**Student:** 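Mind looking over this structure? Questions follow.
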Amino acid sequence: MTSTTVAPEQVEVGKAWSGQSVPRKEDKRLVQGQGVFVDDIKRHGMGYLHFVRSPYAHAHITSIDVSKAEELPGVYGTLTGEEVAALTDPFFQISSAPGANVKDFSLAVGKVRFVGEAIVAVVAETRELARDASELVEIEYEPIDAVVDARRARDPGVPTIHEDAGGNLMWHGVYEWGDLDAAFAEADRVVKIDQLHFHRFNSTPLECDGALVEFNKGTGQWTIHTNNQFPGFAAIMMGPAMRTGLDRLRFVTQDIGGGFGNKITSHPQLVVCCLLARKLGRPIQWTEWRTDFHLSMSHGNERWFLDTEVAVKSDGTLLGFRTKALDDAGAWLRYEPLGGVIWAQVTPGMYKWRNIRVDFTQVATNKAPVSPNRGYSRMQHLWFTERVIDIVAHELDLDPVEVRKRNYIKVEDMPYETPNGCVYDSGDYAQMLDIGLELVDHANIDQRRADAQTRGKLLGVGIGSTLDSGTNNFGQSRMINPELQFSGNNEVATVKLDIFGEIVVTLGTTPQGQGHETTAAQVVADILKCSVDDVNVRAGHDSYWNSHAGFSGTYASQFAVTGLSAVKGATEMLAAEIKKLAGAVFGGVPEEALELADGTVRIKDNPEAALPFMACGAIINANNAGLPEDLGVTLNCRYVYRPPFQVPDVERKFGNLTLTYATQIHVAVIEIDPETGYYDIVDYAAVDDCGKRINPQIVEGQVMGATAQALGAAVHENFVYDEDGNLLTPNFYDYHVPHALDMPPLATGSLESPSPFTPLGTKGMGEGGGAGIHAVCAAVQDALRGHGDAIVWDSCNPYHRVWEMLNDPKGAGGTVSVTDG
Amino acid sequence: MISTEQTITVTINGTTYEREVAARKLLIHFVRDDLDLTGSHIGCDTGNCGACSMLVDGTLVKSCMMLAVQADGATVETVEGLSDGDELNRLQASFREHHALQCGYCTPGMLMSATALLREKPSPSDDEIRKALQGNICRCTGYWNIFEAVKAAAQ
Amino acid sequence: MLLREVGYARPSSLAEAIELLRADDGARALAGGQTLINVMKARAGSPDALIDLNGIDSLRGIDLAADGTLSIGAMTTYSEIVASAEARARPIIGEVCAQIADVQVRNRGTIGGNICTNDPTNHLPPLMAALGATMTIAGADGERTVTAGEFFLGVYLTAVAQGEVLTKVTVPAGRGDGFAAVTLGVDGTCIASAAASVNGSVTVALGCVDAVPVVVEPASASADDVRAAIEAAGIDPPSDVHASSAYRAHLSQVLAVRAVNQAQGAA
């Protein structure tokens, strides 16, 4: 079913752990059903919470009556927007004006702005009673017309969604680098694409959001058991809103059933749980249903690229482009408008053009709020650059492979500074493309095409190249709002020897399947020269461990850099302390004369003189009389990794925005049934380079998962709204995600181009950058060559769209014209 | 004859439980909430995801589409019954070896579906494996490693 | 995801089930539950009481008569049909049942539930219509048997009245059958479907395009005659997120021809 050039190695003892596919520590509990996911946690007397949600996309709330709900036996209480507005301050807005003026509370106040928006919370003794009681809440509405098309959101006469913002514009910025005029003057041809559309979907993690919140009245402390994947961000948003210090918010996570970015912005629901835990004096349990999730959580950025113009030489050299990006943020800015700058991490995509202008507008609409989804904002932009490449090749009758190779940034150009000052650390795109083409036997594609023809099928092959930029410099947020005081990044780890010499590691991250316990153990074991089985990594995240910092969490493709570098730093500190202690115990032996081996610290020239870790732990913790006064050894080491960043130049919108750039290049081969528009993916290759791989099997797993999600999004997954703002795909029945029988054959390949910028040579990876979407779009367009020559202008191409493209190639949008330069 | 509550007796993983339960309670909620067997999971609300899959009288079902009262007198097997104490069974060990799980949320359901398959077909073909797992959604792995793990456990 | 309060009974005989259904207008038969429980989770429909038919053995089982007629008990599951040697007398039935959703659904879902639900996207209503199946309905006054045309009345609406139970589906002997569909993912929900039978005359039944299966009888099995028959039927399919009306109409034509070709190949 899959063939791969990464042979999962047998784990070799004696060899470095890093680089080996060590079986995961997490798996033993997970395959026995012993994982602790948030809905598994129970507390005596807990109340179950159900949200009453809006049936309207846009309406004034004229009255709310919870009395009947509260009278139902077994109901503990309710919470309304009015109470929330009295008890909390609006959430901090990242945006500058006009988005800055939006007033976002954790329940709807006065108005509802999308179908599914939470209005009232009802808490009861059982899940069923909470659900029953919610039907007794009486709400009266005055409906308003809904704004559903971002392109119409600023038309005159269109309803304003946030009166405080004075209109539906949330944020606007112009990015321009190089010399556009010169580029277009030099161009032989100008390719104009009137519109491209990246569709709205997300990664639908199988576990939905949830929390169990306890309030300690005596200490004013909330304990929030949750599956929020970015507690650092949640705390920053919740603390000020709740008028409480951040230390009062203790976040505890253990196992999380997938995140993919979609579990970052649950802070409004968490605030509701906190307020109710305090109000009702009991633990509050909230589990989000699948339909709730689809209606309300973290849709990926929906983005139009309008009036794109590309300056091209006749030989296919790309000189530059300008475009108008129109981003549909949905009804609230919950992490937005950061998407308005994050794409700039990959401004030129993988290509050498230097003259670029992006006029970026973000508007509100009456749809679910947008917030990070796997590939966040870079995926949209990279899809755009890949579409441009393919459309230019199509229009100028050039080979898409040759055009890419002509324009790819070359391996000898690395590290490469992009037009806006980002530094691509390493990578060999041309070689990766060759590997991918080889894996699908591209040399013989014409024969396959002919064979498909005999069966009445149209064969198409498409390339999707993409970057996975990782480890953010949060200073880029100042390009959205110069008054923000964020910059840089950090992650924390602690490593200690316990009283009996056990090695215990805590992380600041919130893994959702990325195997952090395992890869952290590999790094520790390499430095302490022990077995991975001797390294105990605590599962999950807990604010009480003091093992986190402002940016702690698991998001944005960074653990292999931030988390593991923190682990490396802490372990090296510990190793040095162990040697220092041993040196003192041995009577003044210098560190250079000592080594770690087999769970001991020993003198290199006299290995018999060895102190086991157990002795070290015991001495420091329980038997420390007589040690030198200035020894400075605790064997409990906390390290904060801080990537090397500067605050970007906000004026020029210039500077390094991410530390590492993993790459993926995919090749898709499809066959279309022209009678129906149905198509199969008949062959597929994914080539990945994320620098040094600590655990190749885990890395490959991420590549596979990202591929599957991208294929689902390319063919089926779409949050589609009707003109009244009703979501037509609110559950897994209509929102089809890939199942076992949908999976194509998969071949994988890899390169390792270490990053020169990271302590371990690793690059963050995992998001993947949506290469599957880019590849399938390209394959569909290729298959339609000579059969109408339709341009693929939308990122989602279900069967009906393919049929429409066959039957009406010029219809419905995505028109292209080519003029002389 | 018609009642909104009923006392039911269910044997799960060898232990017999007698509980009073509302007729409206889904089997998955009974197992998770009333019996604290939280290994089986809930991932959707339309019967599509399979995270709740378990064996009822030897038959693989999605327990979110059965009422607890329908399991009265039945013998149920969930993920908690697969391993012998702390010793992983062949299928579980194969999942671990082949990295057939990432977040682990779909895994209990996957294991039960694979268990049902291997009981019926000890040496399934690749197509039979896919068909058997069609009712279990995974968002993390893309399924390819899961197919490998089941195949390897079969040999 | 959480049902409203509901009563429950599990009768052990058909007579008991009929009595319980007659006694309460809000009582509803529970077959496989693979649709009804989801409807109740969404609170789109909340019967007062569920009369569980799973304990009534007389509603299960497949009987193959000497003349090739198949009698399929209404509570026979899709899995049981797929595994049944008797059902192989009319192979298309098992082939289509094997495409429904997944193993878990097939282990509980029943032929009776599928046709009594009569969701336009269900596989079995058009198939039964094309095969010329008849449905036997039992009530307090006894049994009656109706044709598919008399059985399927509207969306979620069949000839089974309150207080009645579908007991079996009877399929005449034959082999020349076909079924073609475009689905939302492999083995997914049907976007368009066509069932065909060429035993004697040609019959095509379309799913997904109307409240009930649309049955046409082309002059011959030729593609032109099949398409002409669909055209003449004047279908006006619904539009939804998966297909426009025009696309569904087009697919119906294509799938009808494919189903007929498959039927000819199997004859």
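This one's a predicted model, so the numbers in the text were calculated from it and none came from an experiment.
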**Student:** Under 4.5 Å heavy-atom distance to chain A, tell me which part of L88(B) shows up: side chain, backbone, both or neither.
**Tutor:** side chain
**Student:** At what distance, to the nearest 0.5 angstrom, does CG of D292(A) lie from CG of D45(B)?
**Tutor:**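 D292(A) atom CG to D45(B) atom CG measures 7.5 Å (nearest 0.5 Å).
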**Student:** Between H99(B) and Q697(A), which heavy-atom pair has the shortest distance, and what is it?
**Tutor:** CD2-O, 3.2 Å
**Student:** Could you give the distance from NE2 (H739(A)) to OH (Y143(B)), rounded to the nearest 0.5 Å?
**Tutor:** 5.5 Å
**Student:** Would you check if the side chain of D27(A) reaches a backbone N or O of F95(B) as a donor-acceptor pair within less than 3.5 Å?
**Tutor:**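 Pair absent, no side-chain N/O of D27(A) close to backbone of F95(B).
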**Student:** Evaluate the side-chain proximity of Y733(A) to C44(B): yes if any heavy-atom separation is below 4.5 Å, no if none is.
**Tutor:** no
**Student:** Scan for side chain to side chain donor-acceptor pair (under 3.5 Å) pairs involving residues 702-711 of chain A, sequence neighbours excluded, and state none if there are none.
**Tutor:**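 Non-adjacent pairs meeting side chain to side chain donor-acceptor pair (under 3.5 Å): S203(A)-Q709(A), R374(A)-Q709(A), Q702(A)-Q102(B).
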**Student:** Apply side-chain contact (heavy atoms from CB on, under 4.5 Å) to residues Q32(A) and V79(B) and explain how you reach the verdict.
**Tutor:** CA-CA 6 Å; Q32(A) 295 186 79; V79(B) 65; 5.8 Å; no
**Student:** For L133(B), is it the side chain, the backbone, both, or neither that has a heavy atom closer than 4.5 Å to a heavy atom of chain A?
**Tutor:**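 Both backbone and side chain.
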**Student:** Looking at G705(A), G33(A), A740(A), which makes the most heavy-atom pairs under 4.5 Å with chain B?
**Tutor:**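 The answer is A740(A).
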**Student:** Name, in order of residue number, those residues of residues 63-77 of chain B that have a heavy atom at a distance of less than 4.5 Å from a heavy atom in chain A; otherwise write 'none'.
**Tutor:** none
**Student:** If you tally heavy-atom pairs under 4.5 Å against chain A, which of G39(B), C138(B), A100(B), G43(B) wins?
**Tutor:**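 It is G43(B).
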**Student:** Taking the side chain as every heavy atom from C-beta outward, state whether R96(B) and L30(A) have any atom pair closer than 4.5 Å.
**Tutor:**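 Sidechains of L30(A) and R96(B): no contact.
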**Student:** Would you check, one step at a time, whether the test side-chain contact (heavy atoms from CB on, under 4.5 Å) holds for D255(A) with C103(B)?
**Tutor:** CA-CA 7 Å; D255(A) 295 298; C103(B) 80; over 6 Å; no
**Student:** Under the side-chain contact (heavy atoms from CB on, under 4.5 Å) criterion, do D36(B) and K42(A) qualify, and how do the steps go?
**Tutor:** CA-CA 9 Å; D36(B) 294 327; K42(A) 292 161 189 181; 2.6 Å; yes
**Student:** Would you mind reporting whether T46(B) and N731(A) have side-chain heavy atoms less than 4.5 Å apart?
**Tutor:** yes
**Student:** Could you check whether any side-chain N or O of K28(A) sits under 3.5 Å from a backbone N or O of D86(B), counting only pairs where one atom can act as donor and the other as acceptor?
**Tutor:** yes
**Student:** Which pairs, with at least one residue in residues 31-41 of chain A and sequence neighbours excluded, count as a salt bridge (Lys or Arg N to Asp or Glu O under 4.0 Å)?
**Tutor:**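 For residues 31-41 of chain A: D39(A)-R127(A), D39(A)-R32(B), D40(A)-R32(B).
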**Student:** Under a 4.5 Å heavy-atom cut-off, does chain A meet the side chain of N89(B), its backbone, both or neither?
**Tutor:**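 Contact with chain A: none, neither part.
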**Student:** Between CD of Q514(A) and SG of C140(B), what distance do you get to the nearest 0.5 Å?
**Tutor:** 8.0 Å
**Student:** Holding to side chain to side chain contact (heavy atoms under 4.5 Å, CB included), I want the full list of residues that pass it with T204(A), two or more places apart in sequence or in another chain.
**Tutor:** N202(A), R290(A), F293(A), H294(A), F732(A), Y735(A), V737(A), R139(B)
**Student:** What residue, out of F37(A), W289(A), F260(A), has the most heavy-atom pairs lying under 4.5 Å from chain B?
**Tutor:**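 Looking at each of F37(A), W289(A), F260(A) in turn, F37(A) comes out on top.
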**Student:** Hey, could you give me the NE2/CD distance between H41(B) and E207(A), rounded to the nearest 0.5 Å?
**Tutor:**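 Between H41(B) NE2 and E207(A) CD, I get 8.0 Å after rounding to 0.5 Å.
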**Student:** Determine whether M743(A) and R130(B) make a side-chain contact, defined as any pair of heavy atoms from C-beta on separated by less than 4.5 Å.
**Tutor:** yes
**Student:** Is the number of heavy atoms from other residues, nucleotides or ligands under 6.0 Å of E87(B) CD greater than 12?
**Tutor:** no
**Student:** Which answer fits I256(A), side chain, backbone, both or neither, if we ask what part of it has an atom under 4.5 Å from a heavy atom of chain B?
**Tutor:**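 Interface part for I256(A): backbone (N, CA, C, O).
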**Student:** Under 4.5 Å heavy-atom distance to chain A, tell me which part of T141(B) shows up: side chain, backbone, both or neither.
**Tutor:**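 Backbone of T141(B) only, per the 4.5 Å heavy-atom cut-off to chain A.
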**Student:** Name the member of G701(A), A708(A), A706(A) that forms the most heavy-atom pairs with chain B at distances under 4.5 Å.
**Tutor:** G701(A)
**Student:** Looking at I42(B), N136(B), I146(B), N48(B), which has the largest count of heavy-atom pairs under 4.5 Å with chain A?
**Tutor:**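 Between I42(B), N136(B), I146(B), N48(B), the count favours N48(B).
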**Student:** Between S83(B), P108(B), A132(B), which residue shows the highest count of heavy-atom pairs closer than 4.5 Å to chain A?
**Tutor:**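 Ranked by contacts with chain A, first place is S83(B).
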**Student:** Could you tell me whether D132(A) and R24(B) have a side-chain N and a carboxylate O separated by less than 4.0 Å?
**Tutor:**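 Salt bridge flag = yes for R24(B) with D132(A).
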**Student:** Less than 4.5 Å apart, any side-chain heavy atom of E26(A) and any of L101(B)?
**Tutor:** no
**Student:** Using heavy-atom distances under 4.5 Å, tell me whether H98(B) contacts chain A through its side chain, its backbone, both, or neither.
**Tutor:**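 The backbone, not the side chain.
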**Student:** Could you state the interatomic distance from CG (L746(A)) to CH2 (W144(B)), rounded to the nearest 0.5 Å?
**Tutor:** 4.5 Å
